[in-house]
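Shown next, in structure tokens, is the structure this report addresses.
Proteins get letters first, then strands, A, B, ... in listed order; numbering begins at 1 in each. All figures in this text were calculated on a predicted structure; none of them were measured in a lab. Atom set for the values below is all heavy atoms of this structure, side chains included, hydrogens, waters and symmetry mates excluded.
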Amino acid sequence: MAKKEFYPMDFDYDNEGNILIYGKTTSNEKILIIDDSVKPYFYVLENGNKAKEIENIRIKEENKIYRVSKTEIVNKRYYDKEIKAVKVYVDHHRDINHIRKKLRDSDLAETDIRYIKRYLTEKRIDPLVLSEAEGEIIEDTDEGISIQGEVKQKSSEFLKNPRILAFDIEVYGDFSGHQKHKQDPIIMISFKGEEFNKVITWKKINAPYVETVKNEKELLEKFVEVIQKYNPDYITGYFTDGFDFPYIKLRADELDVKMDLGIDKSLLIIKKEKTGFTSAKIKGIPHLDMYRFVSRIMGGGLRIDTFNLNTVAREILGEKKLDFDLGDISEVWDSGDIKELAEYNLRDSDLAYKLCRELLPNLNELSKLVGMPIYDVCRATYGSLVENYLIKKAKDYNEIIPNRPKYDAITERRNETYEGAFVMEPKPGFYDKIVVYDFKSIYPSIIVTKNISPSSLNSSKGNKTPEVEIKGKKRHYYFDTKETFIPKVVKELILKRNDIKKQLKEKKDSALSGRSYALKTVANAIYGYLGFFGSRYHSMECAASITAWARYYIQDVIKKAQKEKFEVIYSDTDSIAIFMNKKTKKESLDFLEKVNKNLPGIMELELENFYDYGLFVSKKGEESSGAKKKYALIDSKGEIKIIGFETVRGDWSLIARETQKKVIEIILKENSFEKALNYARKVIKELNEGRVDMKKLIIRNQLKMDLEKYKQIGPHVAVAKQMRERGVNIREGSMINYIVCSGKGLIRDRSKIPKEARDYDKDYYINNQVIPCVEKIFEIKRYTKQDLLSKEQSKLGDF
DNA sequence: GAGCATCGGGG
DNA sequence: GTGTACGATGCTC
């Protein structure tokens, strides 16, 4: 018998029903544990009378016999009710799907828990954290050690300084027209690890980190060699699930190169999902495609509307890709001068590497918290995070987890609607002295405080909700006050996070902030899970009651504020912005305290910030009503918060976006509409005089379908046609850049490829780009379009 | 405005 | 098959 401490990194199971755990020992060896100690099972919701009958189930299918190995009558809880159930064991996990056919669907539970999840839950093992294997050593070589035995969790500590290896490929071709993977070769691959920079290519260049090989085939062979030699704990990249790995696989198959990257020398696996998306898996080495994690899970918290590497790296790391036009990649390659390309290639790996290092604490903590392998967490949806967490917690509470809904139920649920959050229409204006409050974790707090869950929903007793609207019908619901599974779980998450936040106040720590992030993410996702059509605990009544309570409490604060003569400017979901007028900071803090004294349970209103100035504009086309979710604020440190303005959107010309941003800045920082007006006039004047840099006039639009299919010819479609005439390969998805030039007739007839544009249509850029971006702001002080167009300088102007 | 289709990331 | 994306956006009718 041997004992080994190790970190479990990746999980799998074999045909015999053994769980396979790939990990790394505390002495940095690779380890494989083969564990057959967890027997698969499911539940039949039945009081035990039929246990014997169930035990005798035999199913013969295609020469195979599936049988129940054992049944037990157990005391469990189901939707918080004490019940007796039959626990049905089978020999192999896959047998469950055969056995269940003999039983009524409505009597089944936990037939759809994945085997790895069952194993982790039964053993109370969290992925990635220090564990101990005990058993027989069945292999011990330089490559690593294999143990057949059992696993126990030892602590909550993660592998320190994991070896991360990032990579990125470059492909020859013009990227227009349809994909031609069979012909376009991979010309370059870069790697980034710890103190490890490498570019492999098959053309000679002089750079310290470049290795030149003979051809593409050798490049791919080298790719495998580098990975094997570096021996990473994680492989990472950006969109490597969707592009790099699938493309490598394709070329490797074509050139007869074995992608035996797995720890057991197994081949790279490319899984195709029904929707066309792919995932790349390597046995034993978790592959983390940072794009998938960022776009699905992290994305919500970022203020970006596209998840390309450049934008994401800028937002998370404050770093950018190198400026290199990939449209020229084939010319550059053919010219032989590929140094710049190599640098570009290496930078992309570098960014992916840094993103992985930066976000690994979040991935680690989520993986540990919800009990899901890190590979899956990286590709998870909020729904699966919550589901995995609830399955894990169900063990502690002796709860049986209901099965997932069937297709018909999902279809029906998809059509249900309920009333969401309260958003107040702001009174357009420029305000000074603003205080913003927000409810701390409003939805989780309501779930806990009002004990909202499917099992506490009662038709006549308990806490009565405010009026709830589902599918247009209004009524009240009641929730029992006796604490149930879901509110308990949410409360635990909130309390744990409060504790972590206290610790974080004392010292900054990336592992702790990862933990706080994980707790917050799962807690916040539970409300959505109750309303989600694919949920095991779907309840429109619950989801709608939660939003109804949130509307009630936020409106209650608004009323109380108004009663105390505070002027409420704006409110959205959980936050409320107040114009303090003659009130002092102290008075607004006193008000906050008073509100909190009257809030029930764990509900809490917090001070978000004091702001010196704020800008709220009116809706398009209307002057009197304010635009929701569109405002700008500045705090005493001069930090500006711009929400919802076009400033950040890519489909406006730079001149329009820049002008808007600058106008907002001048107003907030210098508190002067006059100055801002003069700035806008200056821009308009420059436009009029033809002095604006053509680069700032480029408008970008994407072709959303094949060029031939368009019936409505917009400017970008017209320009796309011109580009095609010039021999540029245009296809759906192509980004079309254009400039609207001067002349008569339709806009589309005057739109040109930027390189060919000699002048621009002044009126168009003034009236259709710049003015629409700023006129709503100036409307606040009753300045009109005419004021913007007037050539006269404003009295106080200093331009 | 419903209903349907496609996109996203990458090169 | 161990279970499978999904939410947003834009086009057509």
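With distances taken from any side-chain atom of F532(A) to the nucleotides dT2(C), dC6(C), dG11(B), the minimum falls on dC6(C). Closest to the side chain of D348(A), from the set dG8(B), dT2(C), dG11(B), is dG11(B). In the set dG10(B), dG11(B), dA5(C), the nucleotide with an atom closest to the side chain of T381(A) is dA5(C). The listed nucleotides are dT2(C), dG10(B), dG8(B); the one nearest the side chain of F243(A) is dG10(B). Which of dG3(C), dA5(C), dG8(B) sits closest to the side chain of R296(A) comes down to dA5(C). For K271(A), taking side-chain heavy atoms from C-beta onward, the closest of the listed nucleotides dT2(C), dT4(C), dG11(B) is dT4(C). Distances were taken from every side-chain heavy atom of L309(A) (C-beta onward) to each of dG11(B), dC6(C), dG10(B); the shortest belongs to dG10(B). The side chain of D12(A) lies closest to dT2(C) when the candidates are dG11(B), dT2(C), dT4(C).
Ion pair D289(A)/R379(A) not flagged as a salt bridge, since none of the NZ, NE, NH1 or NH2 atoms sits closer than 4.0 Å to an Asp/Glu carboxylate oxygen.
Residues satisfying the side-chain hydrogen bond (donor to acceptor under 3.5 Å, both in side chains) test with R292(A), not counting sequence neighbours, are D241(A), S279(A).
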Exercise for review: Go through the steps for I227(A) and F191(A) under the test side-chain contact (heavy atoms from CB on, under 4.5 Å), then give the verdict.
Suggested key: CA-CA 9 Å; I227(A) 291 172; F191(A) 291 97; 4.0 Å; yes
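Distance check on atom C1': dG8(B) versus dA5(C) gives 12 Å, rounded to whole Å.
Donor-acceptor pairing under 3.5 Å, judged by distance alone, is present between the side chain of R114(A) and the base of dG3(C).
Pairs engaging residues 296-316 of chain A under the ring pair (Phe, Tyr, Trp, His ring centres under 6.0 Å) rule: none recorded [sequence neighbours left out].
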